2 protein chains.
Amino acid sequence: MLGARDVVPDSSTADILLAAADCFMERGYSATSVDDVARRLGATKGRIYHHFPSKSALFAGVFQFGMDRIFDAIEPYRNLPGPAVDRWKRIAFVHTNRMMKSKTLARVVWEGVEMHLRGATTPEQRVVLDGLVKYRNSYSDIFRETIVQARDEGDFNFEDPAITVQSMFMALNSPIFWYVPRPGEDDEHVHAIARQIVTFAYRGLGGKGELDL
Amino acid sequence: MLGARDVVPDSSTADILLAAADCFMERGYSATSVDDVARRLGATKGRIYHHFPSKSALFAGVFQFGMDRIFDAIEPYRNLPGPAVDRWKRIAFVHTNRMMKSKTLARVVWEGVEMHLRGATTPEQRVVLDGLVKYRNSYSDIFRETIVQARDEGDFNFEDPAITVQSMFMALNSPIFWYVPRPGEDDEHVHAIARQIVTFAYRGLGGKGELDL
DNA sequence: CAAAGAACATACTACCCAGTATGTTGTCAA
DNA sequence: TTGACAACATACTGGGTAGTATGTTCTTTG
């Protein structure tokens with residue numbers, strides 16, 4: 001698998017990654033200082049630079065960590081037998097749920113892709129980000145292949161797959177920008193939101209009838 | 001109109017705004033230095049600080065300028081008589097086209113909203129951004145009211161308007177992230193892309209039949 | 001138990017950058 | 001013509017920040 005997880009982070013490293021994810025989400029990459037992350041950890045820079053060679057490597061670590069979590073969500077369903085449209089319903093639904101449940105990490109992944117599109121700063125930083133974005137593209141390829149197959153099977157209906165998959169993904173990802181988790185909220189509430197978003201995308205793709213989730 | 005254009009920028013100020021928009025789009029707000037903007041202008045900081053009191057004020061200026069352009073696009077159609085669904089088709093189409101034709105400004109507006117959601121830095125910066133985001137919300141309200149009305153008229157079909165309008169907007173806005181203008185490309189190509197995106201959103205909203213654009 | 005290294009903290013440096021203070025040039029009105 | 005002001009450029013400062021160099025403590029291993 002392209003650039004997939006090479007190392008499982010130990011406990012201390014994982015704490016750093018999560019704290020960094022919080023900071024990157026709240027202020028964005030360049031507005032976040034390494035000291036900010038350390039402060040949130042109740043530690044100092046020394047700890048972070050002991051585990052990561054640079055700020056950009058830290059960001060890459062969060063990106064990787066986040067993509068792993070996102071991949072995990074759809075993994076059980078991505079090879080389901082049967083019509084492609086049913087497979088799409090499953091992975092679209094778990095994906096959208098994961099966007100809300102792991103909103104912080106999802107936002108960092110998003111910013112990583114944005115950074116890549118803008119053209120990251122230094123050359124070697126670029127190489128790292130390139131690999132990660134390929135990893136992320138292999139993810140969206142899963143969706144692309146699924147909807148194209150579903151179209152071939154007569155369940156979906158659209159023109160350009162490139163444009164359509166982008167529209168679909170934006171809709172599915174949208175909650176990372178506006179969803180605010182409430183304290184003590186049950187999973188059913190998140191499911192209800194996901195259901196409406198997936199319904200929107202399902203119809204947008206040309207799906208017929210109701211979808212049962 | 002809430003926080004609408006109070007001043008029309010003179011030529012020199014407009015040049016600064018456009019250069020700033022380019023920089024903010026390429027590197028993001030905090031990664032862009034005032035010197036970067038000046039360099040792109042072939043000028044120095046002095047020129048910028050002569051027209052804007054601070055970097056955040058410069059950003060606010062670009063935001064306002066961008067929102068004005070976006071409002072302009074739908075202005076001729078927002079009060080069209082007839083069924084709401086037809087009005088929606090028009091404004092959705094011109095909106096999506098504007099996203100591509102004014103991609104740079106649209107991206108800055110997007111980042112402004114993101115900054116606001118994150119909670120902008122200083123208090124007085126917050127006040128300015130609050131006003132601008134209200135301006136921008138009055139824009140999305142137009143869409144919200146339109147789709148709700150169209151639902152009442154039986155042309156659309158969805159559950160929660162808040163969730164649906166977000167999904168719809170994300171789909172319509174998506175090209176600001178992936179559309180790359182080709183040199184010497186004709187408007188018809190942009191129209192074709194916009195048509196597919198609007199079709200996706202139209203179906204997503206529960207619209208029936210084909211839409212003629 | 002000693003020594004070596006892991007896992008940090010502390011202290012420091014060089015640089016970038018927002019903002020300011022001040023100089024310079026052109027224009028326009030009286 | 002002159003003075004006043006607009007529209008910049010130049011020069012400088014203070015604070016923040018990535019990265020480094022060097023302790024310090026604790027754990028592991030022979």
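The sequence lines fix the lettering, A, B, ..., with proteins before strands; numbering per chain opens at 1. As the structure is a computational prediction, the values presented were derived from the model and not from experiment.
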For nucleotides 8-18 of chain C, just jot down a letter per nucleotide in 5' to 3' order: B, S or -, based on protein non-hydrogen atoms under 4.0 Å. BBB------SB
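Here the CD atom belonging to Gln149(B) is positioned 14.5 Å from the CH2 atom belonging to Trp88(B), to the nearest 0.5 angstrom.
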Show the numbers, then the answer: is there a ring-ring contact (aromatic ring centres under 6.0 Å, His included) between His116(A) and Phe63(A)? CA-CA 12 Å; His116(A) 176 259; Phe63(A) 188 106; 9.4 Å; no
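The cationic atom of Arg118(B) (NZ for Lys, CZ for Arg) does not lie both less than 6.0 Å from the six-membered ring centre of Tyr29(B) and within 45° of the ring axis.
Between the CZ atom of Phe52(B) and the C1' atom of dA7(D) there is a distance of 14 Å, given to the nearest Å.
No donor-acceptor contact under 3.5 angstrom links the side chains of Ser33(B) and Arg39(B), judged on distance only.
Two rings, from Phe71(B) and Tyr135(B), have their centers less than 6.0 Å apart.
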